[in-house]
A.B. asks: 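Before anything else, here's the structure in question.
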Amino acid sequence: SVESRDALAALLLGKTVHVYPLVRDQYGRMVAEISVRTGLFRIKKWAAVEQIKNGHASVYQGGSFGRFGAEKYEKLESAAKKKKLGQWSRRGKVETAQEFKRRTK
């Protein structure tokens, strides 16, 4: 969504990002973890963690989970749902990327 894109842009644009390749997917695209240091104390933030934690992304079960593992991402998503953050604040059913992929195959 536009909200997700804007949140990611606010986190990353104009900053030095670090890319940690994980695997290539079935289409040959690189799947990677992205981090950036922010704030006065240059705290490292991970793009996927921030997006899921704030309800701007959902956990894709068909993917690679990298250093944090599926359990951490699922806990972050569950907390965002409970707090009705980002996409979870919308009325009605939220279609995840995985559901969209299944529906359009």
Side-chain angles (χ1 to χ4, degrees):
S1 75
V2 171
E3 184 180 321
S4 175
R5 180 203 63 201
D6 291 349
L8 190 58
L11 178 66
L12 302 177
L13 280 180
K15 299 179 182 96
T16 300
V17 298
H18 300 273
V19 179
Y20 303 91
L22 297 173
V23 295
R24 289 205 178 272
D25 70 7
Q26 65 196 33
Y27 305 106
R29 299 174 297 195
M30 178 57 64
V31 176
E33 293 176 313
I34 308 295
S35 74
V36 63
R37 293 201 179 268
T38 63
L40 181 62
F41 298 107
R42 309 293 296 149
I43 296 168
K44 185 183 269 190
K45 291 191 175 186
W46 295 91
V49 168
E50 294 301 309
Q51 289 290 92
I52 294 169
K53 178 173 75 175
N54 293 306
H56 299 305
S58 54
V59 179
Y60 182 67
Q61 295 300 324
S64 176
F65 297 104
R67 74 188 69 229
F68 297 109
E71 189 175 323
K72 175 169 180 155
Y73 287 129
E74 289 165 354
K75 284 180 182 177
L76 290 168
E77 181 180 88
S78 180
K81 284 180 181 179
K82 284 179 187 168
K83 294 176 186 174
K84 297 189 184 307
L85 299 174
Q87 66 183 336
W88 310 115
S89 67
R90 296 189 197 114
R91 283 184 126 80
K93 174 127 174 53
V94 172
E95 183 176 46
T96 65
Q98 192 171 8
E99 291 166 339
F100 174 81
K101 188 174 179 180
R102 256 189 256 129
R103 182 174 59 79
T104 60
K105 262 193 166 180

A.B. asks: The criterion is salt bridge (charged side-chain N to carboxylate O under 4.0 Å, His left out); which residues satisfy it with K15, sequence neighbours excluded?
C.D. replies: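 With neighbours one apart ignored, the set is empty.
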A.B. asks: Can you sort out the partners of R67 under salt bridge (charged side-chain N to carboxylate O under 4.0 Å, His left out), two or more places apart, ordered by chain and number?
C.D. replies: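 In terms of salt bridge (charged side-chain N to carboxylate O under 4.0 Å, His left out), with neighbours along the sequence ignored, R67 is linked to E33.
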A.B. asks: Of all residues at least two apart in sequence or in a different chain, which pass the salt bridge (charged side-chain N to carboxylate O under 4.0 Å, His left out) check with E74?
C.D. replies: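 Salt bridge (charged side-chain N to carboxylate O under 4.0 Å, His left out) check on E74 returns nothing, list empty.
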A.B. asks: Scan residues 8-30 for pairs that pass ring pair (Phe, Tyr, Trp, His ring centres under 6.0 Å), counting only residues two or more places apart or in two chains.
C.D. replies: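 Applying ring pair (Phe, Tyr, Trp, His ring centres under 6.0 Å) to every pair that reaches into residues 8-30, excluding sequence neighbours, yields Y20-W46.
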A.B. asks: Restricting to side chain to side chain donor-acceptor pair (under 3.5 Å), what partner residues turn up for R5, sequence neighbours left out?
C.D. replies: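 Checked R5 against side chain to side chain donor-acceptor pair (under 3.5 Å); zero matches.
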A.B. asks: Which atom names give the shortest non-hydrogen contact between E3 and G86, and what distance separates them?
C.D. replies: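 Scanning both residues, the minimum pair turns out to be OE2-CA, 3.2 Å.
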A.B. asks: Could you tell me the separation between the CZ atom of R24 and the CZ atom of R29, rounded to the nearest 0.5 Å?
C.D. replies: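 Here the interatomic distance stands at 11.5 Å.
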A.B. asks: Suppose we screen for side chain to side chain donor-acceptor pair (under 3.5 Å). Which residues come up paired with R42, at least two apart in sequence or across chains?
C.D. replies: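 So R42 forms no side chain to side chain donor-acceptor pair (under 3.5 Å) with any residue.
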A.B. asks: What residues form a side chain to side chain donor-acceptor pair (under 3.5 Å) with D6, not counting sequence neighbours?
C.D. replies: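 None.
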A.B. asks: Taking side chain to side chain donor-acceptor pair (under 3.5 Å) as the definition, give me every residue that meets it alongside E71, ordered by chain and number, with sequence neighbours left out.
C.D. replies: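 So E71 forms a side chain to side chain donor-acceptor pair (under 3.5 Å) with K75.
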A.B. asks: Taking all heavy atoms of A32 and all of P21, pick out the closest pair and write down the distance.
C.D. replies: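 Minimum heavy-atom contact is CB-CA, 3.8 Å.
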A.B. asks: Give me the atom names and distance for the closest heavy-atom approach of S58 to W88.
C.D. replies: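 That would be CB-CZ2, 3.9 Å.
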A.B. asks: Among residues two or more places apart or on two chains, list those pairs meeting salt bridge (Lys or Arg N to Asp or Glu O under 4.0 Å) that have a residue in residues 43-54.
C.D. replies: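 Pairs touching residues 43-54 that pass the test: E50-K53.
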A.B. asks: Name all residues meeting the salt bridge (charged side-chain N to carboxylate O under 4.0 Å, His left out) criterion together with E95; count only those two or more places apart in sequence or in a different chain, and write none if there are none.
C.D. replies: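 E95 satisfies salt bridge (charged side-chain N to carboxylate O under 4.0 Å, His left out) with R103 once adjacent residues are dropped.
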A.B. asks: Enumerate the residue pairs fulfilling salt bridge (Lys or Arg N to Asp or Glu O under 4.0 Å) with a member in residues 76-89, sequence neighbours excluded, ordered by first and then second residue.
C.D. replies: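 Sorted result for residues 76-89: E77-K81.
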A.B. asks: Going by side-chain heavy atoms closer than 4.5 Å, which hydrophobic residues are tied to V17, directly or by a chain of links?
C.D. replies: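 Under the 4.5 Å side-chain rule, V17 groups with L8, L11, L12, V19, I34, V36.
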A.B. asks: Could you see if V59 belongs to whatever hydrophobic cluster contains V49? Use Ile, Leu, Val, Met, Phe, Trp, Tyr and a side-chain cutoff under 4.5 Å.
C.D. replies: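 They do share one cluster, since a chain of ILVMFWY contacts under 4.5 Å joins V59 to V49.
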